[in-house]
Amino acid sequence: MTTRVLIVDDQAMVRAGFAALLAAQSDIDVVGEAPDGAQGVELGRRTRPDVVLMDVRMPGMDGLEAARRLLSPPPGVTHRPRVLMLTTFDVDDYVYEALRAGASGFLLKDAPPADLIAAVRVVAAGDALLAPSVTRRLIADFARQRPAARGKPALRLKGLTERETEVLTLVARGRSNGEIAQTLVLAEQTVKTHVSRVLTKLDLRDRAQAVVFAYESGLVAPGE
């Protein structure tokens, strides 16, 4: 199955480089390129990509607003791609907000080519790109600055079983399914089932949103 990718970045050389790299993969088809968020949203609606590589900082409409519009489309628009944010360390706040908006993760713009290809495949498969060394730090930092919303998010936790709560806690700490299985002495397939049920019960799109939810509900405290 071919993954359809749209590249949104204001730097022509970056777009061209990413497009050439991805188009060379037999399972990836680059369906378009856009120089800013507004054109990215418009092109995304027309080409219906599976994954959008979205730069954070762009003139006009930035990547955060474009991600919001793609992930929360107006009535009548049913297509919602998965959004992978392209960023650098100096835009952490934007990355956090993008995850809250529903982005499936982020990739540093200076990442090795193999990491870009792998990231597209991971996100296209329905998982979130959560690099523990970076993503957990970002979310923890901003969760610390924003007091946990212990109202409605905390109430939603009551719908989870004890085991599902344990799984969500470990997901929020950046553990993979294999690591969670080892910690809880479960089969990895059982962990996948629990993760799927957690996402369904909490109406979350993927692991990225699950991590944000766990911090904002107070289930996991920064620095734990």
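Along the sequence shown, residues carry numbers from 1.
- Partners of Arg48 by salt bridge (Lys or Arg N to Asp or Glu O under 4.0 Å), not counting sequence neighbours: none found.
- If you take CD on Gln189 and CG on Asn177, they are separated by 9.0 Å, rounding to the nearest 0.5 Å.
- The CD1 atom of Ile7 sits 5.5 Å away from atom CG of Leu22, with the distance rounded to the nearest 0.5 Å.
- Counting only residues at least two apart or in different chains, salt bridge (charged side-chain N to carboxylate O under 4.0 Å, His left out) contacts with residues 5-14 comprise Asp9-Lys109.
- Here the CZ atom belonging to Arg121 is positioned 4.0 Å from the CG atom belonging to Asp27, to the nearest 0.5 angstrom.
- With sequence neighbours left out, Arg15 forms a salt bridge (Lys or Arg N to Asp or Glu O under 4.0 Å) with Glu33.
- Between Asp62 and Arg57, none of the side-chain N atoms (NZ, or NE/NH1/NH2) sits under 4.0 Å from a carboxylate O, so this pair counts as no salt bridge.
- Salt bridge present: Arg68 and Glu65 bring a charged side-chain N and a carboxylate O closer than 4.0 Å.
- Shown are Lys201, Arg197, His194; of these, the side-chain hydrogen bond (donor to acceptor under 3.5 Å, both in side chains) with Glu164 is made only by Lys201.
- Rounded to the nearest 0.5 angstrom, Arg45 CZ and Leu6 CG are separated by 12.0 Å.
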List the steps, then state whether side chain to side chain contact (heavy atoms under 4.5 Å, CB included) holds for Val5 with Asp29. CA-CA 6 Å; Val5 177; Asp29 181 20; over 6 Å; no
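- Leu21 CG to Ile28 CD1: the interatomic distance, rounded to the nearest 0.5 Å, is 8.0 Å.
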